[in-house]
Amino acid sequence: MANEQMTGSEILLKCLVDQDVTEIFGYPGGAVLPIYDAMFVQNALRHILVRQEAGAVHAAEGYARSTGKVGVVLVTSGPGATNAVTGLTDALMDSIPVVCITGQVPTHLIGNDAFQEADTTGITRPCTKHNYLVKDVDDLARTVHEAFHIARSGRPGPVVIDLPKDVANATGTYTPPGKVKLKRYDPQVKGDLKAIGQAVELMAQAKKPIFYCGGGVINSGPAAAQLLTQFVRLTGYPCTLTLMGLGGFPASDPQFLGMLGMHGTYEANLAMHDCDVMVCVGARFDDRITGKLDDFSPGSRKIHIDIDPSSINKNVYVEVPIIGDVAHVLEDMIKVWKSEQAKPDQKALKAWWNRIDEWRAKDCLKYTQKGDVIKPQYAIQRLYEATRNLDDVFITTEVGQHQMWAAQFYGFEEPNRWMTSGGLGTMGYGLPAAMGVQVAHPDALVIDIAGEASILMNIQEMSTIAQYRLPVKVFILNNEYMGMVRQWQELLHGGRYAESYMDSLPDFVKLAESFGAVGLRAEKPGDVDGLIKEMLAIDKAVIADVKVAKLENCFPMIPAGAAHNEMLLGPEDKAENPASEDGMVLV
Amino acid sequence: MSPKQETENAHTIAVLVDNEPGVLARVIGLFSGRGYNIESLTVAEVSHEENLSRITIVTSGTPMIIEQIKAQLSRLVPIHTVRDLTIEGPSVERELALVKVAGSGEKRVESLRIADIFRARVLDSTNQSFVFEIVGDTGKLSAFIELMKPLGLVDVSRTGIVAIARGTEAL
Ligand SMILES: Cc1ncc(C[n+]2csc(CCOP(=O)(O)OP(=O)(O)O)c2C)c(N)n1
Ligand SMILES: [Mg+2]
């Protein structure tokens, strides 16, 4: 069947099936009608009809992050494509494999300002890993297969295929995946053994080492997290994770220092500042991690493992770069570590751990739950306690204080359980992402830890959740503020709360009911456990409205532009010079 | 590369790309989106059979920025090869300019005399004007154009730099 003839739409769907796609998230429109028509007469692909295209991309991201597979999106031309842009940018920033098929006006109308025409490849060029406009139906199969390869290999990312309507209707030849040869694009997976040798040598001499690991560990696949755990335990060195890396190393392990960065723990950030050898594994030294660059870990020599050469020496100079896939490189490093019989200086290491224990003794995440107002930290801690021993739990978040508290107070033991918008910080991410996770894992417990402002950004997806009977749980920490904005205004803008109060909020319980979900509310600390118990017992979607302290701030905090050792630990600490000019211009 | 070298230098970077729609937009978008300089950029197909074009970019930055530029370019899917001709051994660079000078009398004669010194050729001439073609390195072209200014320079079109490594190796 080498020269099978079919329409462009059929070719597209056959490509998807041959790429092991089983679910796609989409929304129809004129330019994709032929594709929907072809979908109507097949059973291999299940289409999930979202309520807004941004929701489709975030759902595909949640799907991808919880399964390791490529998430697939189908939207129409013009507004369908432009609505997808936020999700594509989000996927690019967080390196999530997504293939997004956008309809396009027929080729003879391209450039004519035709109805629902947008220059989709032009608009999405900077927010995709790669994109295509397919003008010839005989190029379609090759393009789709290449797109999947590009989306999932190397540093993963979103790929757009713009498909004009006449190409979808034309008849052409199908080419199976095995027959597609790529002459270009060949990411390096194995690390250079000489560099690995140098890295191991440097690590073995360390007196104050630290592992600093990120989303690359998750993207490399579950084996990477296992190898990392093995290596960290083998060395006895402390390990900290970025927001994107949570789950890459077990949160309950005594060698785990917690998350680092702007709202990271005291011990993690100070250990980063004071270390003498830093082993960066699949993380990228972004500004939320480094704080003030000039003062970032001034005394350390650094090893950086990354599959993307452009991440090396971008912000921070490293002595030993290793380009390659995290799992492959770690496997080799462990081998070399063992064969060289590396023996770290145990006395120095003990002294280092003693320092770390002193920092830990600060108990930087402490809070007190007293009185009759629910502390947001308490709500998350109780949620964690109630769900940590369950088998199959996935947590997504929106963006804001609740996101940081979730990262601080919910412990992840394994990868692919935690989905949050790290790089782009997209409010409205969590609900559709949870929806995508639930589609991939119908029997799992999927919870979106949300803020009352963020949840309104993609609340329409409650309708999708209802249609497909997805038992997603939305756990809102309702402080009636864009809390994170309010916190910055309090700490950096003299307490002028410009436009950060959430007026005229809906009644979330009734809102849930109107979507056929169950609405629950907790107003007093004593309600929290009961609410969680009830929520977990309900076999359908739930919106839990947890009324929390309105003015609580998220600590620790490294103000933008400050160094790791200039951290604010709590309300008693005022930013030394909150309006430092350098800091004020930063985000 | 040393950690904190802050001096900015010009680098000539040669890039081999698939000749497909949008490829130039990707390169230019990368430079503008990330705030890198483009001092000169040329592009043309170099192999019809293999469908390859060659882009020559002159850019400037600190060593860390130049490293970034090369790594970012290499990340683009249609890009096959990225070479920094400035640091990877000796190379030759050339640029071509068409220079129109209008005038009469002594100035007209003088422009012709200078063109001769610079080995510029006359491509077009009217009673009132010349179009000169001049080839050389960027400095030579700029010097020639500078000298033409008082002699009635009215228009200039320059190609930007093309460059190639010396010796036997291909890109
Ligand atoms: C789409 C988008 N717009 C604006 C912002 C800026 N922003 C960051 S956090 C935040 C407030 C979030 O409020 P809420 O969801 O209630 O969470 P809280 O901080 O109160 O927990 C805003 C507006 C953003 N991250 N995303
Ligand atoms: Mg809020």
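Within every chain, numbering begins at 1; the chains are lettered A, B, ... in the order of the sequence lines, protein sequences first and strands thereafter. Note that the structure is predicted; figures quoted are calculated from it, not measured.
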Side-chain donor-acceptor contact under 3.5 Å, Asn313(A) with Glu67(B)
no
Indicate, with yes or no, if the rings of His304(A) and Phe285(A) have centres closer together than 6.0 Å.
yes
Among Arg26(B), Gln72(B), His80(B), which has the most heavy-atom pairs under 4.5 Å with chain A?
Arg26(B)
Is Asn131(A) in contact with chain B via its backbone, its side chain, both, or neither, using a 4.5 Å heavy-atom distance?
both
Under 4.5 Å heavy-atom distance to chain B, tell me which part of Val316(A) shows up: side chain, backbone, both or neither.
backbone
So do Thr102(A) and Cys100(A) actually touch side chain to side chain, heavy atoms under 4.5 Å?
yes
Going by heavy atoms in the side chains, are Val167(A) and Asp139(A) under 4.5 Å from each other?
no
Can you tell which part of Leu133(A) gets under 4.5 Å to a heavy atom of chain B, answering side chain, backbone, both or neither?
neither
Do Phe130(B) and Met148(B) have side-chain heavy atoms sitting under 4.5 Å apart?
no
Does any backbone or side-chain atom of Pro21(B) lie under 4.5 Å from a heavy atom of chain A? Answer side chain, backbone, both or neither.
neither
Between His130(A), Lys314(A), Arg155(A), Lys135(A), who has the most heavy-atom pairs with chain B when the cutoff is under 4.5 Å?
His130(A)
